[in-house]
Amino acid sequence: MDINFCTECSKPLTYKSIGDEGEQKYCECYNKFYFDTPASCVLVAIINENNQVLLLKQNYISAKNYTLCSGYLKKGDTLEETVAR
């Protein structure tokens with residue numbers, strides 16, 4: 001299902017860049033991003049030959065927390081394309 005209007009204020013959504021997800025639908029009134037539903041995502045643990053796990057610090061999400069690699073699938077993307085992005 002495509003979301004084109006804010007569920008809070010009913011105004012048309014615009015587009016705004018969000019980190020490595022690129023341009024996503026956005027409500028300026030509520031400072032809220034929208035993803036077309038269902039919003040499937042992928043979470044990946046990348047482990048090197050020394051059994052070290054790659055963690056990311058994404059300042060647009062949190063300035064102090066680290067996370068595994070993750071991302072939302074865009075329409076037409078494969079899981080591999082999402083991981084690479």
Side-chain angles (χ1 to χ4, degrees):
M1 175 173 70
D2 289 342
I3 299 171
N4 297 309
F5 298 90
C6 177
T7 58
E8 305 290 332
C9 68
S10 302
K11 291 183 180 175
L13 298 174
T14 60
Y15 284 88
K16 183 176 179 180
S17 182
I18 178 173
D20 56 359
E21 294 296 330
E23 296 282 315
Q24 295 297 325
K25 293 177 183 178
Y26 176 75
C27 176
E28 294 177 5
C29 295
Y30 280 85
N31 191 32
K32 182 178 178 179
F33 284 96
Y34 284 87
F35 295 89
D36 290 330
T37 56
S40 301
C41 65
V42 62
L43 181 65
V44 180
I46 300 172
I47 304 169
N48 70 11
E49 62 277 355
N50 297 319
N51 283 335
Q52 296 172 314
V53 177
L54 176 67
L55 296 176
L56 302 177
K57 182 177 173 210
Q58 298 169 304
N59 288 330
Y60 67 93
I61 295 174
S62 173
K64 60 182 177 178
N65 295 318
Y66 291 81
T67 183
L68 293 171
C69 298
S70 63
Y72 288 103
L73 274 77
K74 292 183 179 179
K75 284 184 182 177
D77 274 0
T78 65
L79 293 173
E80 292 83 3
E81 291 168 333
T82 301
V83 171
R85 185 179 66 244

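Computed from a prediction, not measured in an experiment: that's the story for all the values here.
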Nearest-0.5 Å distance, [atom1] of residue [X] to [atom2] of residue [Y]:
X: Ser40; Y: Leu79; atom1: OG; atom2: CG; value: 9.0 Å
X: Gln24; Y: Phe35; atom1: CD; atom2: CZ; value: 4.5 Å
X: Phe33; Y: Glu23; atom1: CZ; atom2: CD; value: 9.0 Å

Query - Shared hydrophobic cluster for Ile18 and Tyr30 (ILVMFWY, side-chain gaps under 4.5 Å) - result: no

Query raised in the report: According to a 4.5 Å side-chain heavy-atom criterion applied to Ile, Leu, Val, Met, Phe, Trp and Tyr, with indirect links allowed, do Leu68 and Tyr66 form part of one hydrophobic cluster?
Result: yes

Can you find a pair of side-chain heavy atoms, one from [X] and one from [Y], that are under 4.5 Å apart?
X: Asn4; Y: Pro12; result: no
X: Lys11; Y: Cys29; result: yes
X: Tyr26; Y: Asn31; result: yes
X: Tyr15; Y: Lys25; result: yes
X: Leu56; Y: Cys69; result: yes

I need the minimum non-hydrogen distance between [X] and [Y], along with the two atoms involved.
X: Asp77; Y: Leu73; answer: O-CD2, 4.2 Å
X: Phe5; Y: Ser10; answer: CD2-O, 3.5 Å
X: Thr14; Y: Glu28; answer: OG1-OE2, 3.5 Å
X: Ser70; Y: Leu43; answer: CB-CD1, 3.7 Å

Query - Neighbour count above 12 (heavy atom, 6.0 Å) for Glu81 CD - result: yes

Requested in this report: I would like to know whether Val44 and Thr82 meet side chain to side chain contact (heavy atoms under 4.5 Å, CB included); could you show each step before the answer?
Outcome: CA-CA 10 Å; Val44 180; Thr82 301; over 6 Å; no

Report task. Please determine which of Leu54, Leu55, Asn48 meets the side chain to side chain contact (heavy atoms under 4.5 Å, CB included) test together with Gln52. Result -> Asn48

